[in-house]
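Everything below concerns the one structure shown next.
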Amino acid sequence: MEVLSTILQLKQFIYHKKEQKQTIGFVPTMGYLHKGHESLMQKAKLECDIVILSIFVNPLQFGPNEDYEVYPRDIDRDLQIAKEMNVDVVFSPSVEEMYPSEVYTKVSVSNLTSRLCGASRPGHFDGVSTVVMKLFNIVEPDKAFFGQKDAQQVAVIKQMVSDLNMNVEIVACPIIREEDGLALSSRNVYLNNNEREQAIKLFEALEHSERWIDENVTIEELKRQLYDHIASAPLAKIEYIEILSYPDLQSLEGNVTQLLVNKEIIIALAVKFGKTRLIDNRIYTGNTINVKREPDLGGIVYV
Ligand code: AMP
C-alpha cells in the first residue's frame, strides 16, 4: 500500500494506472476509520481495480464553532485498517497541500442544501462539494463511494456530478450500525456512557417508524411520534426531525402511505447528546400494496 501526501505523487500514480486501463474506485473520508468506512472500501475493491482512500479533515466544511480542532484523528491506526482492507493508496494531504492559498472558487449546490444539515450548518455543504470536486479532479475516479448515513451529502454530490457533467459514478452504500443499532460515526467516541446509552433512541425511533407508517399516520403525526420517542431521552437535544421527499428534499403533507405510492421519503434526524451531534436517517420507498424499506439505501447492516 502506498501512502501519499502530495497531489503530484498521487496524479503520477493514477496516470500510470490509467495507462494500464485500470479502473479507479475512490473513497473520500475524514479518517478515524470505522466499519462504516470499511464497507465503502470493500465495495470499492469489489467494483474497481484500484482503490484510493483519502483521509483529510477538511477545514472548509466546519463552522467557526464546530469541532474541527478536536475532530478525532489517528493516522497510524487508519493506515493499519486501510492496509487490512487492501486499499492501494492512502492519500493524506496537509491542509496547505489542499489549500495553498485563500480559496476564491467554491462549488455551491443550491436548493438541496437549504434544509436539514444545510440549515443547521451554514456553509457546510459548500465546503463538502468544493473539497469533493477538488478530490475528483485530482483522482479522476471511475466510481466514488459514499455512505447513505450522510444521505443529504449523497444527494448534493449526485446533483453536482449531474449538473457539471462530471465523469464519475456515485455509489451510495448502506448505513453500518453497532449491534444495538447506533449508526457508526467517528464522532461516537465523544459520547460518555449515559449519552451512549440514550443515543440508541435515534435508531429506535427509525425502527418504530415502520409500525407507525403501517398505522396510516400523516407526516405530522409521524413527526410527532418520532419527536416524542427521541425526546424521552433526557439528554437528547433535538436539532431537527424532518420527513421529506428524497433525493429532492421537498416538504410533504398528508398520509405517509399514500405519499409513498410515487415518492421516496426520508426520515432525517439530527440530535445532540452533550457536545456530540449525531445524525441518522431511513429512506422508505413504497407501492400501493405494502410499504417497504429500500434495501440498498436504508437497509440495515449490523457489524
Ligand atoms: P466521514 O469520514 O465521516 O466524512 O465519512 C466518510 C464516508 O463514510 C462518507 O461517505 C460517510 O457517509 C461514510 N460513512 C460514515 N459513517 C458511515 C456508516 N455508519 N455507514 C456507512 N457509511 C458511513
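Ligands are counted one by one from 1 in listed order, and the atoms in each one are counted from 1 as well.
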**Item:** Ion pair check, Asp280 and Arg177, cut-off under 4.0 Å
**Value:** yes
**Asked** Using a heavy-atom cut-off of under 4.0 Å, does the side chain or the backbone of His37 touch ligand 1, or both, or neither?
**Response** side chain
**Item:** ILVMFWY clustering at 4.5 Å (side-chain atoms), partners of Val27
**Value:** Met1, Val3, Leu33, Leu40, Met41, Val51, Leu53, Ile55, Ile75, Leu79, Ile81, Met85, Val87, Val90, Phe145, Val171
**Asked** Which word best sums up how the rings of Phe136 and Phe146 line up, parallel for under 30°, tilted for 30 to 60°, or perpendicular for over 60°?
**Response** perpendicular
Flag [X] as yes when one of its N or O atoms lies below 3.5 Å from any N or O atom of ligand 1, and as no otherwise.
{"X": "Ser185", "result": "no"}
{"X": "Ala183", "result": "no"}
{"X": "Cys173", "result": "no"}

Write out the residue and atom name of the closest protein heavy atom to [atom], then the distance separating them to 0.1 Å.
{"atom": "atom 20 (N) of ligand 1", "result": "Ile176 N, 2.9 Å"}
{"atom": "atom 4 (O) of ligand 1", "result": "Met30 CG, 3.6 Å"}
{"atom": "atom 3 (O) of ligand 1", "result": "Tyr71 OH, 3.9 Å"}

**Request:** Give the C-alpha distance, both sets of side-chain angles, the deciding distance and a yes or no for salt bridge (charged side-chain N to carboxylate O under 4.0 Å, His left out) between Glu221 and Arg224.
**Result:** CA-CA 5 Å; Glu221 287 161 350; Arg224 167 58 54 192; over 6 Å; no
**Message:** As a check for students: among Gly147, Pro174, Ser186, identify the option with a heavy atom nearest to atom 10 (O) of ligand 1.
**Reply:** Gly147
**Prompt:** Can you tell if the side chain of Leu116 reaches within under 4.5 Å of the side chain of Asn281, non-hydrogen atoms only?
**Reply:** no
**Request:** Evaluate the side-chain proximity of Arg196 to Leu182: yes if any heavy-atom separation is below 4.5 Å, no if none is.
**Result:** yes
**Asked** Does the cation-pi check pass for Arg77 over Tyr32, that is, NZ or CZ under 6.0 Å from the six-membered ring centre and within 45° of its axis?
**Response** yes
**Fill in**
Residues Leu202 and Leu269: closest non-hydrogen pair is O-CD1, 3.6 Å
By number and element, which atoms of ligand 1 are closer than 4.0 Å to a non-hydrogen atom of [X]?
{"X": "Asp150", "answer": "11 (C), 12 (O)"}
{"X": "Leu40", "answer": "7 (C), 8 (O), 10 (O), 13 (C)"}
{"X": "Pro28", "answer": "6 (C), 7 (C)"}
{"X": "Leu184", "answer": "16 (N), 17 (C), 18 (C), 19 (N)"}
{"X": "Phe146", "answer": "10 (O)"}

**Message:** What verdict does the side chain to side chain donor-acceptor pair (under 3.5 Å) test give for Thr23 and Lys143, after you've listed the backbone C-alpha separation in whole Å, the side-chain angles of each residue and the deciding distance to 0.1 Å?
**Reply:** CA-CA 8 Å; Thr23 56; Lys143 295 186 181 189; over 6 Å; no
**Request:** Determine whether any heavy atom of His34 lies closer than 4.0 Å to an atom of ligand 1.
**Result:** yes
